[in-house]
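Encoded as structure tokens, the structure appears first; notes follow it.
The sequence lines fix the lettering, A, B, ..., with proteins before strands; numbering per chain opens at 1. No hydrogens, no waters, no symmetry mates; every other heavy atom, side chains included, goes into these values.
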There are 2 protein chains.
Amino acid sequence: MSTHFDNLVVTSFGATYAGAMSRTGADLALLLLGGFRSLAAAATAELARRGHDDVHPAHDFAMRAIAAGADNASELGRRLAVSKQAAAKTIALLEERGYVTRADDPTDARRKLVQVTLQGNAVMREGEAIFEELRSRWAKQVGSDELARLERTLTELVGSEPISLAAPGRIVSDIGDA
Amino acid sequence: MSTHFDNLVVTSFGATYAGAMSRTGADLALLLLGGFRSLAAAATAELARRGHDDVHPAHDFAMRAIAAGADNASELGRRLAVSKQAAAKTIALLEERGYVTRADDPTDARRKLVQVTLQGNAVMREGEAIFEELRSRWAKQVGSDELARLERTLTELVGSEPISLAAPGRIVSDIGDA
DNA sequence: CCATTTGGACAACCTAGTTGTCGTTATAGA
DNA sequence: TCTATAACGACAACTAGGTTGTCCAAATGG
């Protein structure tokens, strides 16, 4: 079989012509997903290559939210638009892997204060750099004007819809995710 | 909190200015994901409104692959770049909900022949129409030239990478009866 | 001071993947 | 033709990320 994205789209959606202009709406969705996947997979792989084989973009995302002030499970849940239980699970996983710590909040005995560790910060820095690198690779490929234009268009399209990012994570489930 | 995409990006990734041009690589990835999600969520909702509240785009995707010839679990797995076990689960789910049927293959006693039902075909047709409608809504919003340009750019970017739709790192290896 | 809200911990469950094992069936080659 | 190997599907156990619902304890606001 061909695992090439283009072919997969064509095969799966039975578009009339292969390389033709006549893109369908579903193709557009797959194109967007494919783009995301392409970046996310590359980032995950590169992160793994650098020794962090246990983190995905979703974890990076969660850590940033924590670092940005969502320092307890409930708040993190709100911030990521998932339940507090789901957020607590993510925190537990990150803690287990040494990317965050949890301590009692001295000002509120109910709360557990979550903090990003040095290791966690390192991952975030690497993640940033990797995505930057991937973006510039794309810019080289189609021209930075064209890429900027794509971003502008997409921002206009997506920015105007009140859709939260919800679970920004698992690449696979993004297909089925509504 | 704001669940508006733009704000979320800014907050979570700590970009320096809110509406500024300076998009980061991670923003680009989120933009793509956001775009996909936006479409997928709208499609799922619309499908539910039309009485199919138990299907997601992923199921539509799988059904198309089945209709296009991936009529057994192993082949479907290959086509979708997941394990045959995962594909079998999807098939089981679709069968349970009446979108596909499974029968013994008369030419190969090992195989179970999967076929899309009338109901399954109906969902695919509706899905197509919905995505078409969503696309034209986007075309109205930014202009069809601009949208076509976005698609062209994205195709160039994504189509040129030999990335399968597989999970991050999950290279399709049916080597050794996995 | 008490009622209500909130945070966190469990538990049970769902979806969607994974790997590993195994029996059965095809198939290719000596 | 016989046999080794490959392939299909089923089952089991596991991971990861999500969901509700229940519950206790702690904070907070009349």
Practice item. Give the cluster check for L154(A) versus V142(B): same hydrophobic cluster or not, with ILVMFWY residues linked at side-chain heavy-atom distances below 4.5 Å. Key: yes
Check your understanding: Atom CG of L80(B) and atom P of dT15(C): how far apart are they, to the nearest Å?
Key -> 18 Å
Review point. By side chain to side chain contact (heavy atoms under 4.5 Å, CB included), which residues pair with D105(B), not counting sequence neighbours?
Key: T107(B), D108(B), R111(B), L113(B)
Revision key, fill the gap. Rounded to whole Å, the CG-P distance (D105(A) to dA9(C)) equals 13 Å
Review point. Do any of residues 86-100 of chain A sit with a heavy atom less than 4.0 Å from DNA chain C, and if so which?
Key: none
Practice item. Salt-bridge test for R135(B) and E151(B): reply yes if a basic N is under 4.0 Å from a carboxylate O, no otherwise. Key: yes
Protein-nucleotides 2-4 of chain C N/O pairs under 3.5 Å:
none

Review point. Of all residues at least two apart in sequence or in a different chain, which pass the side chain to side chain contact (heavy atoms under 4.5 Å, CB included) check with A88(A)?
Key: A73(A)
Check your understanding: Of the nucleotides dT19(C), dG8(C), dA7(D), which has the atom closest to the A73(A) side chain?
Key -> dG8(C)
Revision key, fill the gap. In 5'-to-3' order, the base (B), backbone-only (S) or no-contact (-) status of each nucleotide in nucleotides 24-30 of chain D, using a 4.0 angstrom heavy-atom cut-off, is --BS---
Exercise for review: Find the distance between CD (E46(B)) and CD (E133(B)) and round it off to the nearest 0.5 Å.
Suggested key: 8.0 Å
Revision key, fill the gap. Rounded to the nearest 0.5 angstrom, the CG-CD distance for L150(A) and E146(B) is 9.0 Å
Show me the donor-acceptor pairs within less than 3.5 Å that the side chains of residues 120-127 of chain B make with the rest of the protein, sequence neighbours left out.
from    : atom 1 : to      : atom 2 : distance (Å)
N121(B) : ND2    : T117(B) : O      : 3.2
E126(B) : OE1    : R50(B)  : NH1    : 2.8

Review point. Does any donor-acceptor pair link the side chain of K84(B) with the base of dG9(D) at a separation under 3.5 Å?
Key: yes
Review point. Counting only side-chain N and O atoms of H56(A), is one of them less than 4.0 Å from OP1 or OP2 of dG17(D)?
Key: no
Study note, to complete from the structure: Rounding to 0.5 Å, atoms CD1 (I91(B)) and CG (L76(B)) come to a distance of 5.0 Å
Check your understanding: Is the phosphate of dA9(C), meaning OP1 or OP2, less than 4.0 Å from a side-chain N or O of R102(A)?
Key -> yes
Practice item. Rounded to the nearest angstrom, tell me the gap between atom CG in D71(A) and atom C1' in dG7(C). Key: 12 Å
Exercise for review: Mark yes or no for whether S136(A), through its side chain, and A139(A), through its backbone, hold a donor-acceptor pair below 3.5 Å.
Suggested key: no
Review point. Just wondering, are more than 12 heavy atoms of other shown residues or ligands nearer than 6.0 Å to CD in Q115(B)?
Key: no
Review point. Got a donor-acceptor contact below 3.5 angstrom from the E95(B) side chain to the V100(B) backbone?
Key: no
Exercise for review: Take atom NE2 of H59(B) and atom C1' of dT15(C), then tell me their distance rounded to the nearest Å.
Suggested key: 8 Å
Practice item. Show your reasoning for whether side chain to side chain contact (heavy atoms under 4.5 Å, CB included) applies to V55(A) and D60(A). Key: CA-CA 7 Å; V55(A) 263; D60(A) 185 84; over 6 Å; no
**Study point:** Between P of dC8(D) and CZ of R78(B), the distance in whole Å
**Key:** 5 Å
Practice item. Starting from P on dG7(C), measure out to CZ on R79(A) and report it in whole angstrom. Key: 13 Å
**Study point:** Any S83(B) side-chain nitrogen or oxygen under 4.0 Å from OP1 or OP2 of dT18(C)
**Key:** yes
Review point. From the list dG20(C), dA9(C), dG9(D), which nucleotide is the closest neighbour of the side chain of Q85(B)?
Key: dG20(C)
